[in-house]
Amino acid sequence: MKDLHIHIERGDYTVEWIERFINKAQEMELDEINLLEHSIRFKDFHPCFKEAREYNLYQRKWFDEKAKTAHTLDEYKRLIEKIRSNVYPVKVSFGLEICYFEQHIDKISELVSDGFFDYLLGSVHWIDNWTFNQRKYQWLGRDINKIYERYFDMENTLVESGVFDIIAHPDLIRCHNIYPDYDLEPTYKKLCENIKKHNMALEMNTSKSLGVNDDFFAVAKECGVMFSTGSDAHRVEDVGRKIREVTALIPDNLIYNGTTEK
């Protein structure tokens with residue numbers, strides 16, 4: 001069993017902090033964990049948030065607060081090298097969850113071009129620089145159909161960029177239980193065919209449920225995409241959350257093993 005989406009952001013960059021996640025992984029009988037940080041946590045990625053910061057006052061305040069505790073990628077890599085020099089009973093991988101901005105994909109690609117990380121998760125948290133998932137009231141007065149259409153357009157260009165290994169929480173757009181008035185099955189099929197074509201994995205994220213919704217999951221299985229599993233834990237206590245249950249839902253031949261060729 002693998003938990004490939006675990007955030008370490010609530011502690012210092014120390015071996016002791018990381019070993020708390022490893023101990024929890026042993027307790028949960030996991031075979032592999034992937035520890036990561038959001039790209040906002042690194043000063044190196046901050047130019048990619050320029051337009052999002054300027055979008056409105058709420059987002060400016062959000063960014064400025066996050067920036068106060070930002071690290072550099074070099075600091076993160078030094079921590080990773082310390083852990084990689086040790087041997088643990090659980091395989092410990094490291095990665096990034098990168099907020100995808102179409103206009104900054106060249107910068108994103110440049111920052112990860114050294115191949116240092118084991119897994120790169122791409123996520124759409126911003127639709128044309130607007131944060132759709134933080135506050136439900138921000139949807140008031142907006143065209144829901146157009147929001148969904150643009151969200152999945154961006155998911156497809158994320159996949160086509162060739163930068164990422166896993167598309168994180170691919171139906172995050174449903175986070176506020178607001179839905180379009182058209183059938184999403186063709187949209188799911190287009191994205192899943194694209195994921196398979198580009199040798200990526202689709203994440204079954206257990207932070208709020210057992211992965212993507214049932215319709216999305218059925219289409220993905222039919223398309224033969226590979227599935228990764230991740231708790232999206234932001235606390236040690238949540239490592240491995242529902243990973244056993246969601247793994248049981250995935251056909252054995254569709255479980256992502258981290259070896260798809262880019």
Side-chain angles (χ1 to χ4, degrees), residues 1-7 21 24-25 28-36 38 90-100 117-125 133 148 151-152 154-156 158-159 164-177 179 184-185 187-235 237-260 262:
M1 296 191 298
K2 302 172 185 287
D3 188 344
L4 300 184
H5 191 155
I6 300 169
H7 293 273
F21 291 90
K24 182 62 176 180
M28 299 298 290
E29 300 182 329
L30 298 175
D31 300 297
E32 180 181 1
I33 55 173
N34 181 50
L35 305 176
L36 48 70
H38 285 290
V90 175
K91 182 179 179 181
V92 183
S93 299
F94 283 91
L96 294 168
E97 181 184 357
I98 300 173
C99 281
Y100 176 64
F117 297 102
D118 299 297
Y119 299 99
L120 296 174
L121 281 65
S123 56
V124 176
H125 285 103
N133 67 301
Y148 267 78
Y151 174 82
F152 282 102
M154 291 184 66
E155 294 230 304
N156 277 293
L158 181 159
V159 170
F164 307 100
D165 302 297
I166 297 168
I167 183 166
H169 43 63
D171 63 348
L172 181 63
I173 192 67
R174 295 162 53 98
C175 60
H176 298 305
N177 296 316
Y179 306 105
L184 283 166
E185 184 171 337
T187 300
Y188 294 150
K189 185 174 182 180
K190 178 181 177 180
L191 177 61
C192 290
E193 289 175 343
N194 219 358
I195 291 170
K196 184 173 177 61
K197 176 182 176 181
H198 291 273
N199 296 313
M200 283 182 64
L202 182 151
E203 182 183 72
M204 295 290 277
N205 186 298
T206 65
S207 59
K208 293 184 179 179
S209 62
L210 290 181
V212 297
N213 68 80
D214 291 345
D215 294 338
F216 201 161
F217 186 45
V219 171
K221 286 192 295 182
E222 183 179 343
C223 290
V225 304
M226 303 301 291
F227 294 94
S228 71
T229 53
S231 65
D232 209 341
H234 285 67
R235 307 181 305 163
E237 302 92 296
D238 293 329
V239 170
R241 173 183 49 202
K242 300 180 183 176
I243 295 299
R244 183 178 300 278
E245 292 89 334
V246 76
T247 300
L249 299 176
I250 304 169
D252 290 345
N253 65 314
L254 297 181
I255 293 178
Y256 177 60
N257 60 17
T259 59
T260 54
K262 301 302 291 175

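- Heavy-atom contacts from other residues, nucleotides or ligands closer than 6.0 Å to CG of Asn253 number more than 12.
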Worked check of side chain to side chain contact (heavy atoms under 4.5 Å, CB included) between Leu191 and Ile195 | CA-CA 6 Å; Leu191 177 61; Ile195 291 170; 3.9 Å; yes
Apply side chain to side chain contact (heavy atoms under 4.5 Å, CB included) to Leu36 and Phe117, showing your working.
-> CA-CA 9 Å; Leu36 48 70; Phe117 297 102; over 6 Å; no
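- For the residue pair His7 / Asp232, a side-chain donor-acceptor distance below 3.5 Å is found, with atom types taken as modelled.
- Minimum heavy-atom separation, Ala220 to Phe227: CB-CZ, 3.5 Å.
- At least one donor-acceptor pair under 3.5 Å links the side chain of Asn156 to the backbone N or O of Phe152.
- Under the 4.0 Å criterion applied to side-chain N and carboxylate O atoms, Lys189 and Glu222 are not assigned as salt-bridge partners.
- Atom CG of Leu249 is separated from atom NZ of Lys242 by 11.5 Å, given to the nearest 0.5 angstrom.
- For the atom pair CG of Asp3 and OG1 of Thr229, the computed distance is 6.5 Å after rounding to the nearest 0.5 Å.
- Residues His5 and Gly230 approach most closely at CB-CA, 3.8 Å, considering heavy atoms.
- Here the side chains of Glu185 and Asp215 are not in contact, with every heavy-atom distance at 4.5 Å or above.
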Would you please test Phe164 and His198 for side chain to side chain contact (heavy atoms under 4.5 Å, CB included) and show each step?
-> CA-CA 10 Å; Phe164 307 100; His198 291 273; over 6 Å; no
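- Residues Asp165 and Tyr256 meet the side-chain proximity criterion, which asks for heavy atoms closer than 4.5 Å.
- Judged purely by atom type and a 3.5 angstrom limit, Tyr188 has no side-chain atom pairing as donor or acceptor with the backbone of Ala218.
- The NZ atom of Lys91 sits 11.5 Å away from the CD1 atom of Ile33 when rounded to the nearest 0.5 Å.
- Side chain of Asp171 to backbone of Asn213: a donor-acceptor contact under 3.5 angstrom is found.
- Here the shortest heavy-atom pairing between Cys223 and Glu193 reads SG-CG, 3.9 Å.
- In this model, no donor atom of one side chain and acceptor atom of the other lie less than 3.5 Å apart for His234 and Asp238.
- From Cys192, atom SG reaches atom NZ of Lys221 across 12.0 Å, with rounding to the nearest 0.5 Å.
- Heavy-atom minimum distance, Glu245 versus Leu210: CB-CD2, 4.0 Å.
- In this structure, the side chain of Ser123 does not engage the main chain of Ala168 through any donor-acceptor pair within 3.5 Å.
- Remark: Lys208 pairs with no residue by the side chain to side chain contact (heavy atoms under 4.5 Å, CB included) rule, at least two apart or across chains.
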Hey, mind stepping through Leu35 and Val92 against side chain to side chain contact (heavy atoms under 4.5 Å, CB included) and telling me if it holds?
-> CA-CA 7 Å; Leu35 305 176; Val92 183; 4.1 Å; yes
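- Remark: Leu30 CG to Arg244 CZ distance equals 8.5 Å, nearest 0.5 Å.
- When Arg174, Glu203, Glu97 are each tested for a side chain to side chain donor-acceptor pair (under 3.5 Å) with His169, only one passes: Glu97.
- Residues Leu4 and Ser228 share a closest heavy-atom pair of CD1-CB, 4.2 Å.
- Across every non-hydrogen atom of Glu155 and Pro170, the tightest pair is OE1-O, 2.8 Å.
- Judged as a side chain to side chain contact (heavy atoms under 4.5 Å, CB included), and not counting sequence neighbours, the contacts of Asp118 are Arg84, Ser93, Phe94.
- Applying the side chain to side chain contact (heavy atoms under 4.5 Å, CB included) rule to Lys24 yields the partners Glu27, Met28, Val236, Val239; only residues at least two apart in sequence or on another chain are considered.
- Annotation: the span from Asn205 atom CG to Ser231 atom OG amounts to 7.5 Å, rounded to 0.5 Å.
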